[in-house]
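These numbers come from a predicted model, not from an experiment. Counting convention: from 1, in listed order, for ligands and their atoms alike.
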Amino acid sequence: MAEADVMDKLVSLAKRRGFVFQSSEIYGGTGSVWDYGPLGIELKRNVKEAWWSAMVHQREDVEGVDAAILMHPSVWEASGHVAGFSDPLVECRVCKKRFREDVLETSECGKKPSLAPGTHVECDLLPARLFNLMFKTFMGPVETESAVVYLRPETAQGSYVNFLNVQTAARQKVPFGIAQIGKAFRNEITPGNFIFRTREFEQAEMQFFVEPGTDEEWFERWLEERQKWHRSLGVSPENLRLHEHGPDELAHYAKKAVDIQYHFPFGWKELEGVHNRTDFDLSRHEEYSGKRLEYVDSGGGKRFVPYVVETAVGVDRTVLMILCDAYREEEVEGETRVVLSLSPRMAPVKAAVFPLVKKDGLPEIARKIVDGLRRAAIPVFYDEAGSIGRRYRRQDEAGTPWCITVDGQTSEDGTVTIRDRDSLKQLRVDKTSVREWVLESLADRQS
Ligand code: GAP
């Protein structure tokens, strides 16, 4: 399948099955902003829960926070975002399209056939100017320069300004980390590739505060941890690789940066960044706020401004990775079936329950099984509409790992069939054991 086709098919499946919809679609859509539907929000929650579990619940050296999106404007002066969070913007006088100068060769001109901007004889590109990616708004009723605030372009700063609050309240000693999941906003010049690059997105970031001199060792440890986490989501390991930033790619705050990349249908792209931010952020906040942000080691009496190793992953990009990795088209008995081979842990719905026919007491038995699964908080779906084949296909597209069918034999011997989405194998299980079977299978398939 051509790579562009995979993305088109995925976008259409995402809409059809309720994973992702275009924002404000009835008004023609908002540029590069997307809404998550009933299945999409479950998948996204599963990603966030897997991250929170690995980064916070399973560790004693990382604490969580949920900082506000609107912060004091000086935060962004200190962080360097007001002065330096810009992309070089190039506009074409002819087609009126805007491009990022640093990726012109891979951009598409407004003229047909689509070529790189500047290639057509008619192209007339204006000189590049720097465009700050932060969204501005006003705090309070007066729209003056002094009332300007920004929608945060990264969650990290909320963790830095709370460094001492968290360290004191949670009685943590360096090394320790602060984890946060939340929305970030960037007025990207060239958003695109569905939910890959958007203007409103979610990040899962962790700032790990360490003693200077131990930062390089912690960097390697976190890089290893984060690769393990991505593999644990059930994606093909050969589609993951590392890319170290060269000097011209490094962000203003970074001493070293390595991206974890995924092989998307549109190429190898950044999924997560692991950064050695040194003491850049804490020192700058000391300078701009006039408050000390140093750590005092009560045991050894050492005082220092910690270095920070940051792990920063996009939640929406992780969702896209999981969808791309799971998408398959297969020939089954002469027909093409579309299936999302999601790991049971990531699957939005874990089991679907069908009565084979809408009579002979089969719907009542099926409903009882659904109630039992719901009581165990297992996301489950009941469906009695259409042929059994169509019901299976709908669940294959939704990525549901198991379909449970109540049929004629159930009334005779009390068993139901459980069909495995990937192998298509069916086994019979007593209707009273379905809940235990699903719980055990979920526990066995934690990746
Ligand atoms: N605090 C560091 C930081 O924000 P970043 O590399 O700019 O670093 C971290 O962003 C991650 O956030 C990226 O690896 C990506 O997954 C996600 N991300 C960044 N910009 C995005 C956008 N416009 N749309 C979707 N995800 C984005």
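- In terms of protein heavy atoms, atom 9 (C) of ligand 1 is closest to Gln203 NE2, 3.5 Å.
- In this structure, Asp61 does not pair ionically with Lys173, as no charged nitrogen and carboxylate oxygen lie closer than 4.0 Å.
- Every heavy atom of Tyr262 sits 4.0 Å or more from the atoms of ligand 1.
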Under 3.5 Å, sequence neighbours excluded: what are the donor-acceptor pairs made by side chains of residues 65-76?
| residue | atom | partner | partner atom | Å |
| --- | --- | --- | --- | --- |
| His72 | ND1 | Ser74 | N | 3.0 |
| His72 | ND1 | Ser74 | OG | 3.2 |

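- Ligand 1 lies less than 4.0 angstrom from a heavy atom belonging to Leu271.
- A search for salt bridge (charged side-chain N to carboxylate O under 4.0 Å, His left out) contacts involving Glu154 returns Arg277, not counting sequence neighbours.
- An N or O contact shorter than 3.5 Å is missing between Ile195 and ligand 1 by distance.
- In summary, Arg100 and Asp87 engage in a salt bridge, as defined by a charged side-chain N under 4.0 Å from a carboxylate O.
- Distances below 4.0 Å separate heavy atoms of Glu272 from the following atoms of ligand 1: 14 (O).
- The distance criterion of under 3.5 Å between nitrogen or oxygen atoms is not met by Arg197 with respect to ligand 1.
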>> If you apply the rule side chain to side chain donor-acceptor pair (under 3.5 Å), what do you find for Thr336 with Glu330, and how did you get there?
In response: CA-CA 5 Å; Thr336 306; Glu330 295 173 354; over 6 Å; no
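- Of all protein heavy atoms, the one closest to atom 18 (N) of ligand 1 is Phe201 CE1, 3.6 Å.
- Using a 3.5 Å distance cut-off with no hydrogens or angles, the side chains of Gln207 and Glu310 do pair a donor with an acceptor.
- Atoms of ligand 1 found under 4.0 Å from any heavy atom of Glu154, numbered from 1 in the order shown, are 1 (N), 2 (C), 3 (C), 4 (O).
- If you run ring pair (Phe, Tyr, Trp, His ring centres under 6.0 Å) between Phe196 and each of Phe266, Tyr262, Phe201, only Phe266 comes through.
- Among protein heavy atoms, atom 24 (N) of ligand 1 sits closest to Thr198 N, 3.0 Å.
- Those atoms of ligand 1 with a heavy atom of Arg277 less than 4.0 angstrom away are 1 (N), 2 (C).
- Listed by number with element, the atoms of ligand 1 under 4.0 angstrom from any heavy atom of Glu205 are 1 (N), 2 (C), 3 (C), 4 (O).
- Contact annotation for Tyr253 and ligand 1: only side-chain heavy atoms (C-beta onward) come within less than 4.0 Å of the ligand.
- Ligand 1 does not have Arg152 within reach: every non-hydrogen atom of the residue lies 4.0 Å or more from it.
- Scanning His275, Glu310, Glu270, Arg186 for the heavy atom closest to atom 4 (O) of ligand 1 points to Arg186.
- With respect to the salt-bridge test (charged N to carboxylate O, under 4.0 angstrom), the residues Lys256 and Glu220 qualify.
- Among protein heavy atoms, the minimum distance from atom 11 (C) of ligand 1 is reached at Ala312 O, 3.7 Å.
- The environment of Lys48 atom NZ is dense: over 12 non-hydrogen atoms of other residues, nucleotides or ligands sit within 6.0 angstrom.
- Atom 17 (C) of ligand 1 has its closest protein heavy atom at Gly314 CA, 3.7 Å.
- Protein heavy atom nearest atom 15 (C) of ligand 1, with residue, atom name and distance: Arg317 NH1, 3.4 Å.
- The closest protein non-hydrogen atom to atom 25 (C) of ligand 1 is Phe196 O, 3.1 Å.
- Salt-bridge annotation for Arg221 and Glu224: absent, with no side-chain N of the basic residue lying under 4.0 Å from a carboxylate O of the acidic one.
- Salt bridge annotation for Glu91-Arg129: present, with a cationic side-chain nitrogen under 4.0 angstrom from a carboxylate oxygen.
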